[in-house]
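Heads up, the thing below is written out as C-alpha cells.
Throughout, protein chains are lettered first and strands after them, A, B, ... in sequence-line order, and every chain is numbered starting at 1.
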Amino acid sequence: MSNLRLRFAPSPTGYLHVGGARTALFNWLLAKKENGTFILRIEDTDLERSTEESVDAILEGMKWLGLDWDEGPYFQSANFELYRKYVNQLLDEGKAYRCYCTTEELERKRALAMSEGRKPKYDGACRGLPPQGGDLPYVVRFRGEEEGATSFDDLIKGKITFPNEEMDDLIICRSDGTPTYNFCVAIDDAAMKITLVIRGDDHVNNTPRQIQIYKALGFPVPAFAHVPMILGSDKTRLSKRHGATSVMAYRDMGFLPEALANYLVRLGWSHGDDEIFSREEMIRKFDLKNVGRSPSVFSMEKLLWLNAHYIKTGDAERLASLLIPFLAERGISPDKDFSPPIPDIVRTLQERSRTLVEMADAAIFYFKAPEIYDEEALSKFEKKHLLNVYSELIGHLESDSLFTTVAVDLLLKEICSAKGWKMPQVGQPLRIALSGGAHAPAIADIITTLGIPESLRRIKLAKEKVSGL
RNA sequence: GUCCCCUUCGUCUAGCCCGGCCCAGGACACCGCCCUUUCACGGCGGCGACACCGGUUCAAAUCCGGUAGGGGACGCCA
C-alpha cells in the first residue's frame, strides 16, 4: 500500500450523477494504479437535506459501476463532536469569532453590495466584537487573513492564486451548533490523512479558505486536483434538462457499466488516440497529467457507440442474464413462455443492439410468434410467390435435418437455384413469416435459434394467413 | 458586479510544457461507396477546427501581451 490516500465525498441529497461518478472513477483509478487507499465519505452535515435513500442510491450507483472503496463509508454526521472541539479551539485562539448578525441583515447587505457593484462579501461587522452575553443566537466565523494571497498548485489546472481580501470570514458553525461544509472537509481530510483531493471544479473557490483552515489548525495541506465539469449539449452545467444524469438511469436505459465507465474516463481525460479501455488498461494508463483543463459536453451518441461496442464484444451468457429484467418489462418470462436459450438469442442480436433495451425489443419475436405481418414488407411480393416460397420451405424443413446455420444457408441457396429465385425473394418472405417484419437477424440464425418445429409452425401460420388474404 | 478558471473539427480529444516532423492526427455523429437474404456489423472515402488581434522568431496551434466569448464561485448548500 502506498501513502496515497484519496476520497470521494458526495453529499446525500440525491442520486449519484454522472459528474460525481466520474470524479469517483478518477479517484478510484488513481488509488488502484498507485496502490493507494480509496475512501468513501458521506458529507451529510446538512441534516435538512440529507436522506438515507440518497445514501443508498449513491452506494448502489458506485457498486454498479464497480467502484469499490477501501475505507468507509464514513459519515460526517458521526463526527460532530470532533468538529465542535476544533471550533472551540479556534475560538479560544482567537482564530474564529462569534457573529450575531441575522440572516435578514446579511441578505440585505449582500443585496446592497451587489446593487452598488461591490463584492457581496461579509463586512466583518462582528469581527472585533467581544462575546455577547445572554442567549443571543450566533454563528461562528473563521477569521480569515486580510492581506496577502493564498495559492496552491492544482495538479490539473496549475498554480492558482487568490487575493486574501477576496475571501470573507466564512461561517464554520451554524447557529444551531452544526458545523458547515468547508470546515468539515478540512478537518476530515486532515483526520483521514487524505494526501490528494480530487474533486469537481466547482470547489476551486473553496480551496483557499480550506487551506487557511488547515493552517490555522496546524494540519498538513493535501494536494489538490480539480476536475472540470460536465456540460449539457447547450454548454451549460449538465442537468436533468439535458436528459438523464443519474447513473442508475443509464442502467435502466440498457447501458452496461463498463461502457459508462469507459465513456466517463474519456470525458476530460485521454491517452493518445485510445478510445476503448478495459478496466485494467484504464488503471494502468490513467493519470492526472492528461486530464484536460476545460469542461466537456456529455454526448449520448458516443456513449451509445461505446455501449454497442461492449454489447458486441460481451459474453453472451452474461448479457443474457442482464437482459432478463428488460424482457420481463415486456411481459416475457422465459421460464413460463416458449423460449429458445437466451444466450442464443443474444448472440443473434449482439451486432444490432446499442442497448439492452434495443436488444429486448428486438428479441420479442423469438418468444411470441408474429400475429400480424409488416404489410409494407409483404406487399413487395405477389401472393402466389409467397405461397410458393412457404410451401417449398415447409417441404424441406419437414424432411431435411438442419442443425447448423451453414446447412440452412445452403438449403436456401439450393432452393434459389432450383426455382430460379433471387435470394431476397426467398429471404424476405421467410423473415416476415418468422419475425413478422423486415428487420431481424439473419434467417439461418433465426431458424437455428427458434428450432425447426417452431420455425415450421410459423411458416405454416404465415402461409395460412397469406392464403386468406 | 468582483474573483477564479477555460478556449483545436458539431461533440470527445491528440499535439502545446521542450516552437519546425501539423496547409493539424484519432474517435463519435453526419454524407457517399463497397459488402449483403432484411436491419445491422464491417471496410473504404468525404465533410469538418488551432476564438480574435498584435508581438517575439528564419519559423507559432505551440512562447508573450491584449480583446472577445464561455463556465464557475461569491449561502447559517455541499
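Residues satisfying the ring pair (Phe, Tyr, Trp, His ring centres under 6.0 Å) criterion with A/Phe26, sequence neighbours excluded, are A/Phe286. Residues meeting the ring pair (Phe, Tyr, Trp, His ring centres under 6.0 Å) test with A/Trp421, sequence neighbours left out: A/His385. Residues passing the ring pair (Phe, Tyr, Trp, His ring centres under 6.0 Å) test with A/His203, sequence neighbours excluded: A/Tyr181. Annotation: ring pair (Phe, Tyr, Trp, His ring centres under 6.0 Å) contacts of A/Phe80 (sequence neighbours excluded): none. Checked against side chain to side chain donor-acceptor pair (under 3.5 Å), A/Lys302 has the following partners two or more places apart in sequence or in another chain: A/Glu275.
Of the P atoms belonging to B/G43 and B/A29, the separation is 12 Å, rounded to the nearest Å. Between B/C52 and B/G10, the two P atoms lie 13 Å apart (nearest whole Å). Of the P atoms belonging to B/A60 and B/U11, the separation is 27 Å, rounded to the nearest Å. Between the C1' atoms of B/C17 and B/C58, the separation comes to 23 Å (whole Å). Annotation: B/C47 and B/C4 have their C1' atoms spaced 38 Å apart (nearest Å).
When heavy atoms are screened at a 4.0 angstrom cut-off, A/Ala113 is found touching no nucleic acid atom at all. In this structure, A/Lys121 reaches neither bases nor backbone, as no heavy-atom distance under 4.0 Å exists between it and the strands shown. Heavy atoms of A/Ile160 sit under 4.0 angstrom from primed sugar atoms or phosphate atoms, though from no base atom. Residue A/Met167 is out of contact with every strand shown, counting any heavy-atom pair closer than 4.0 Å. Base contact: A/Pro441 has a heavy atom under 4.0 Å from a base atom.
Residues A/Phe277 and A/Trp269 bring their aromatic ring centres within 6.0 Å. Taking the six-membered ring where the residue is Trp, the centroids of A/Phe255 and A/Tyr263 are separated by 6.0 Å or more.
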Side-chain donor-acceptor contacts of residues 408-418 of chain A below 3.5 Å, not counting sequence neighbours, with atom names and distances?
{"unit_1": "A/Ser417", "atom_1": "OG", "unit_2": "A/Lys413", "atom_2": "O", "d": "3.3"}
{"unit_1": "A/Ser417", "atom_1": "OG", "unit_2": "A/Glu414", "atom_2": "O", "d": "3.1"}

Listing, residues 349-359 of chain A side-chain donor-acceptor contacts under 3.5 Å, not counting sequence neighbours, or none:
{"unit_1": "A/Gln350", "atom_1": "NE2", "unit_2": "A/Ile311", "atom_2": "O", "d": "2.9"}
{"unit_1": "A/Gln350", "atom_1": "NE2", "unit_2": "A/Gly314", "atom_2": "O", "d": "2.9"}
{"unit_1": "A/Arg352", "atom_1": "NE", "unit_2": "A/Thr348", "atom_2": "O", "d": "3.2"}
{"unit_1": "A/Ser353", "atom_1": "OG", "unit_2": "A/Leu349", "atom_2": "O", "d": "2.8"}
{"unit_1": "A/Arg354", "atom_1": "NE", "unit_2": "A/Glu358", "atom_2": "OE2", "d": "3.2"}
{"unit_1": "A/Arg354", "atom_1": "NH2", "unit_2": "A/Glu358", "atom_2": "OE2", "d": "3.3"}
{"unit_1": "A/Thr355", "atom_1": "OG1", "unit_2": "A/Val357", "atom_2": "N", "d": "3.3"}
{"unit_1": "A/Thr355", "atom_1": "OG1", "unit_2": "A/Glu358", "atom_2": "N", "d": "3.0"}
{"unit_1": "A/Glu358", "atom_1": "OE1", "unit_2": "A/Arg354", "atom_2": "N", "d": "2.8"}

For residues 367-377 of chain A, which side-chain donor-acceptor pairs fall under 3.5 Å, sequence neighbours excluded?
{"unit_1": "A/Asp374", "atom_1": "OD1", "unit_2": "A/Glu376", "atom_2": "N", "d": "3.0"}
{"unit_1": "A/Asp374", "atom_1": "OD1", "unit_2": "A/Ala377", "atom_2": "N", "d": "3.1"}

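Side-chain atoms of A/His271 do not come within 3.5 Å of backbone N or O of A/Asp274 as any donor-acceptor pair. In this structure a side-chain-to-backbone donor-acceptor pair under 3.5 Å is present from A/Thr180 to A/Ile171. A/Asp169 contributes no side-chain N or O that, together with a main-chain N or O of A/Arg143, makes up a donor-acceptor pair within less than 3.5 Å.
A/Phe224 and A/His226 have parallel rings, their planes meeting at less than 30° on a 0 to 90° scale where 60° marks the start of perpendicular.
When both distances must be under 3.5 Å, the Watson-Crick or G-U wobble mate of B/C17 does not exist. The base-pairing partner of B/G42, taking Watson-Crick or G-U wobble contacts with both distances under 3.5 Å, is B/C34. Within the shown strands, nothing qualifies as a pairing partner of B/C47 under the Watson-Crick or G-U definition with both distances less than 3.5 Å.
Classified by its glycosidic torsion, B/C12 falls in the anti category, the angle being over 90° from 0.
When the C1' atom of B/G25 is taken as reference, atom CG of A/Asp274 falls 13 Å away, rounded to whole Å. Across the protein-nucleic acid pair, A/Met114 atom CE and B/C3 atom P stand 14 Å apart, rounded to whole Å. At whole-Å resolution of the value, CZ in A/Arg110 and P in B/U2 are 19 Å apart. Protein atom CD of A/Glu48 is 14 Å distant from nucleotide atom C1' of B/A78, rounded to whole Å. Separating the CG atom of A/Asn164 from the P atom of B/C3 is a distance of 15 Å, rounded to the nearest angstrom.
Nearest-nucleotide positions on RNA chain B for A/Ser353 and A/Arg141 put A/Ser353 closer to the 5' end. Mapped onto RNA chain B by nearest heavy atom, A/Ala444 and A/Ser11 fall at different nucleotides, with A/Ala444 at the one closer to the 5' end.
Near-neighbour residues of RNA chain B inside residues 412-440 of chain A, defined by a heavy atom below 4.0 Å, number-ordered: A/Met423, A/Pro424, A/Gln428, A/Arg431, A/Ala438, A/His439, A/Ala440. At a non-hydrogen distance threshold of 4.0 Å, A/Cys101, A/Thr103 from residues 95-105 of chain A come into contact with RNA chain B.
In the interface, the side chain of A/Ser175 is paired with the base of B/C76 through a donor and an acceptor atom under 3.5 Å apart. A/Asp202 contributes no side-chain N or O that forms a donor-acceptor pair with the base of B/A78 under 3.5 Å.
Here B/A78 is the nucleotide among B/A78, B/A40, B/C76 with the atom lying nearest to any side-chain atom of A/His203. Closest approach to the A/Val204 side chain among B/C4, B/C76, B/C3 is made by B/C4 (side chain taken as heavy atoms from C-beta onward). Side-chain proximity of A/Pro163 to the nucleotides B/U37, B/C4, B/C28 is greatest for B/C4.
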Return the polar atom pairs (N/O with N/O) between nucleotides 61-69 of chain B and the protein under 3.5 Å, or none.
none

Under-3.5 Å N/O pairs linking protein and nucleotides 9-14 of chain B:
{"unit_1": "B/U11", "atom_1": "OP1", "unit_2": "A/Lys235", "atom_2": "NZ", "d": "2.8"}
{"unit_1": "B/C12", "atom_1": "OP1", "unit_2": "A/Val297", "atom_2": "N", "d": "2.8"}
{"unit_1": "B/C12", "atom_1": "O2'", "unit_2": "A/Arg266", "atom_2": "O", "d": "3.0"}
{"unit_1": "B/C12", "atom_1": "O2", "unit_2": "A/Arg266", "atom_2": "NH2", "d": "3.4"}
{"unit_1": "B/C12", "atom_1": "O2", "unit_2": "A/Lys302", "atom_2": "NZ", "d": "3.4"}
{"unit_1": "B/U13", "atom_1": "OP1", "unit_2": "A/Gly268", "atom_2": "N", "d": "2.4"}
{"unit_1": "B/U13", "atom_1": "OP1", "unit_2": "A/Ser296", "atom_2": "OG", "d": "3.2"}
{"unit_1": "B/U13", "atom_1": "O3'", "unit_2": "A/Ser270", "atom_2": "OG", "d": "3.0"}
{"unit_1": "B/A14", "atom_1": "OP1", "unit_2": "A/Ser270", "atom_2": "OG", "d": "2.8"}

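Inter-residue side-chain proximity for A/Leu450 and A/Arg458 is flagged as met; some heavy-atom pair is nearer than 4.5 Å.
Judged by the 6.0 Å distance and 45° axis criteria, A/Arg41 is not positioned over the aromatic ring of A/Tyr74.
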